[in-house]
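Reviewing the structure listed below.
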Amino acid sequence: MPCSIMPELPEVETVVRGLQPFLSGAKIANVSTSQHKLRFPYPDDFMQCLIGFRFLNVGRRAKYIVADLDNENSLIIHLGMSGRISLVGNGQTISFDDYAYQTGAMSKHDHVTIDLIGTGGDEFSLIYNDPRRFGLLDLARTDKIHKSRHFAHLGPEPLDDEFTGAVLQSKIGKRVTPIKLALLNQEIVVGLGNIYVCEALHMAHIHPNRHANSLSVNEAALLVANSKQILRAAIAAGGSTLKDFAHADGTLGGFQNEFLAYDQTGKPCPSPKCKGIIERIIQGGRSTFFCGKCQK
DNA sequence: CTGTACTCCTGGGGGC
DNA sequence: TGCCCCCAGGAGTACA
């Protein structure tokens, strides 16, 4: 399947919302893993902490999926660059929140299978698939998860009301690194990835190469407001975008057609009245897309 | 402490 | 058709 989700905050949030009704209350009957290592080794007691217990609820922190269990542990899942989660029952993929990308057939990059019994007695499996294996599954004590090795250093959630321009500026401090790289740094703010950083900077008309600490109070506030706006729009569109991924021909969903700058090299800048052209540069070894005319 | 370069992987696409 | 090279959502680590 040529389709892909882009696991930044909106995509993870969409997966979480889709999993929630299926996983809540479901009992884990069995767990199996492939021979391949993911980014992080499974904990020694991975199986013992999962099998026989029930999921309580599913949530999100940064780009991590957090599924709380009824044994005071939480299952932590990160999709990395290419991780996918599917639910399969009776050999058929269950379309959860319209997110379905393949049939129930096993594929070679399936790494973790969690067999479940739903509250209605129905049997199904959660399958973690990840070709590049940059993702991870781990466990943490639910009440100490914010201090766990994965979460301890994380910055504020971008959609929290407490995340303001002033907070962004205080997290940036004296850093002179390009604002693009500062926004990708999960210690400053979580959830933003390469796509939404490009989109937010374009919307705020801020040049990606600006020193992070050079933003004015107003610019920081605008950047925060626009980040929230693009993330909320992407979450709202997430379902319909992902829905299209179920198409057998692999047609991509609609959201990438709405990108202002990301992957739009050579195209006219979509800003009103702007006659600029979207350019591509490399920052921190990764592509940045922007308009040099309206992003200052 | 900051900033950067590199690393882990597979697969798709373009050029020749 | 088949190489070969470049590129791709993330983020930890090492090093100047």
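Remember, it's a predicted structure, so these values are computed and weren't measured experimentally. Each chain gets a letter, A, B and so on, in the order its sequence line appears, and its residues count up from 1.
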Short side-chain N/O contact from [X] to OP1 or OP2 of [N], under 4.0 Å:
X      : N      : value
A/R133 : B/dT10 : yes
A/S287 : C/dA8  : yes
A/K63  : C/dA11 : yes
A/R286 : C/dG9  : yes
A/T177 : B/dT4  : yes
A/Y196 : C/dG9  : no
A/K108 : B/dG11 : yes

Kindly compute the distance separating [atom1] ([X]) from [atom2] ([Y]), expressed to the nearest 0.5 Å.
X      : Y      : atom1 : atom2 : result
A/I76  : A/L137 : CD1   : CG    : 9.5 Å
A/K180 : A/N209 : NZ    : CG    : 9.5 Å
A/K267 : A/I278 : NZ    : CD1   : 10.0 Å
A/Y128 : A/I65  : OH    : CD1   : 8.5 Å

Q.
Show the nearest heavy-atom pair for residues A/P208 and A/Q295, with the distance to one decimal.
A.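 The answer is CD-NE2, 3.9 Å.
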
Q. Just how far, in rounded Å, is C1' of C/dC7 from CD1 of A/I281?
A.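 Checked: the CD1 to C1' distance equals 17 Å.
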
Q. Under a cut-off of 3.5 Å for both distances of each Watson-Crick or G-U pair, what dot-bracket string does DNA chain B give, using [ ] for crossing pairs and | for inter-strand pairs?
A. .|||||||.|||||||

Q. Ignoring hydrogens and geometry, is there a side-chain-to-backbone donor-acceptor pair from A/Q264 to A/Y262 under 3.5 Å?
A.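 Checking the backbone N and O of A/Y262 against the side chain of A/Q264, a donor-acceptor pair under 3.5 Å is found.
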
Q.
Test your reading of the model: is there a side-chain donor-acceptor pair from A/Q20 to the backbone of A/R17, 3.5 Å cut-off?
A. no

Pairs: protein N or O with nucleotides 12-16 of chain C N or O, under 3.5 Å:
unit_1, atom_1, unit_2, atom_2, d
C/dG12, OP2, A/H153, NE2, 3.3

Q. Heavy atoms under 4.0 Å, any strand shown: does A/H109 hit a base, just sugar-phosphate, or nothing?
A. sugar-phosphate

Q.
Within the 4.0 Å heavy-atom criterion, would you say A/G285 contacts the bases, only the backbone, or no part of the nucleic acid?
A. nothing

Distance-only criterion, 3.5 Å: show the donor-acceptor pairs between side-chain atoms of residues 152-162 of chain A and protein atoms not counting sequence neighbours.
unit_1, atom_1, unit_2, atom_2, d
A/E157, OE1, A/R60, NH1, 3.0
A/E157, OE1, A/R60, NH2, 3.3
A/E157, OE2, A/R61, NH1, 3.0
A/E157, OE2, A/A62, N, 2.6

